[in-house]
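Sequence lines set the chain letters: A, B, ... in the order given, protein chains first and strands last, and positions in each chain run from 1.
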2 protein chains.
Amino acid sequence: MVRLSKRVEYGLIAIRHIATQRNEGIVTAKEIADCYQIPYELLAKVLQKLSRAGLITSHQGVRGGYALARNPNTISVSMIINAIEGSNMGIARCMTEGPESCDVFSVCTIKSPLSKVQANIIQAFDTMTLAQIV
Amino acid sequence: MVRLSKRVEYGLIAIRHIATQRNEGIVTAKEIADCYQIPYELLAKVLQKLSRAGLITSHQGVRGGYALARNPNTISVSMIINAIEGSNMGIARCMTEGPESCDVFSVCTIKSPLSKVQANIIQAFDTMTLAQIV
DNA sequence: CTAACTCCGACCTGATGAGTCTTATTTACA
DNA sequence: TGTAAATAAGACTCATCAGGTCGGAGTTAG
């Protein structure tokens, strides 16, 4: 299958929600979870990853929450996926983790055709910015 | 992640190998497994699926094996993936299994932007035929 | 100071994919 | 006709990972 994980789906929904808050609006994880019926704790972990990647900022304590860290135009969907999944986006393991990751690398006959498809996919995620999905 | 399964990788390698055999050449599963260092039993199961989908033909008994069932130009990569994975290709579950499969369907805000990316991906797999990767 | 609020990070669990094993069925050929 | 060669098909184990849970640490209002 060629499928996004739940974490990525939740991350996209969440960061989009944060981006739609005007004038430095801070949103709590609970608020987002309630709004979209997303499991709170799972969403929290996703938000933490987005925070560590510098896409959103976190504020602890009462009246804390999350806010967008930069302009929606400078955040691509790839960045969001990489932040959550760990930058190993690729349709085959050998394309992100090197030849050692695949024991048929030397005799594999489908690398080059597949790499074209992959380039296609990555470009699509790469050119789509957060601003476009708000 | 957006990754193909091992089964699909093996299936692509195998059907490509079969397609390169000239003049009705029949290839055994063992032959392919040896050639590419693929686990035999796993490969056998993949070949059975391709056979049931009508992409290759199987011949039992001594001197049996597999052969391509039709012209490589008429076999797309999507067909191969669907034969192996069961035609649920899509980057989100709700896009192949209907609204019931997703409990945030009604409030989900990322369906429409993602569906464009997905259309892009599917088209790439759809227009790439076996003939092109031989 | 303290209590409420919020993020943080380690832990647990169940589903799914990868791979193995065993047995049945079909077929060519000696 | 018997045997070896090949696919067919199911159950099984193991590893990985997505999904979900827990208690705790940090921060701020009052």
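Separating the CD atom of E9(A) from the P atom of dG20(D) is a distance of 12 Å, rounded to the nearest angstrom. Spacing between atom CD1 of I38(B) and atom C1' of dA18(C) amounts to 13 Å, rounded to whole angstrom units. Straight-line distance from the NZ atom of K6(B) to the P atom of dC17(D): 12 Å, rounded to whole Å. Taking atom CG on L42(B) and atom C1' on dA11(D), their separation rounds to 15 Å, with Å as the unit. Whole-Å rounding puts the I84(B) CD1 to dA18(C) P distance at 11 Å. Taking atom CD of residue Q37(A) and atom P of nucleotide dG20(D), one finds them 13 Å apart after rounding to whole Å. One interatomic measurement links the two molecules: CG of L4(A) to C1' of dA18(D), which rounds to 14 Å at whole-angstrom precision. Distance R3(A) CZ to dC17(D) C1': 15 Å, rounded to the nearest Å.
Closest to the side chain of R7(A), from the set dA18(D), dG20(D), dG17(C), is dA18(D).
Residues satisfying the side-chain hydrogen bond (donor to acceptor under 3.5 Å, both in side chains) test with T129(B), not counting sequence neighbours, are none. Every side-chain contact (heavy atoms from CB on, under 4.5 Å) that T127(B) has, sequence neighbours left out, goes to Q123(B). Partners of S78(A) by side-chain hydrogen bond (donor to acceptor under 3.5 Å, both in side chains), not counting sequence neighbours, listed by chain and number: D126(A). Partners of T74(A) by side-chain contact (heavy atoms from CB on, under 4.5 Å), not counting sequence neighbours, listed by chain and number: R70(A), N71(A).
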Report all side-chain donor-acceptor pairs from residues 32-53 of chain B shorter than 3.5 Å, counting only partners two or more places apart or in another chain.
residue, atom, partner, partner atom, Å
D34(B), OD2, K30(B), NZ, 3.1
Y36(B), OH, H17(B), ND1, 2.8

* Could you write nucleotides 2-9 of chain C as a row of B, S and -, 5' to 3', where a protein heavy atom under 4.0 Å of any base atom gives B, of only sugar-phosphate atoms gives S, and otherwise -? -> --BBSBBB

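The structure places OG1 of T28(B) at 13.0 Å from NE2 of H59(B), a figure rounded to the nearest 0.5 Å.
The side chain of Y10(B) contributes an N or O atom lying less than 4.0 Å from OP1 or OP2 of dG19(C).
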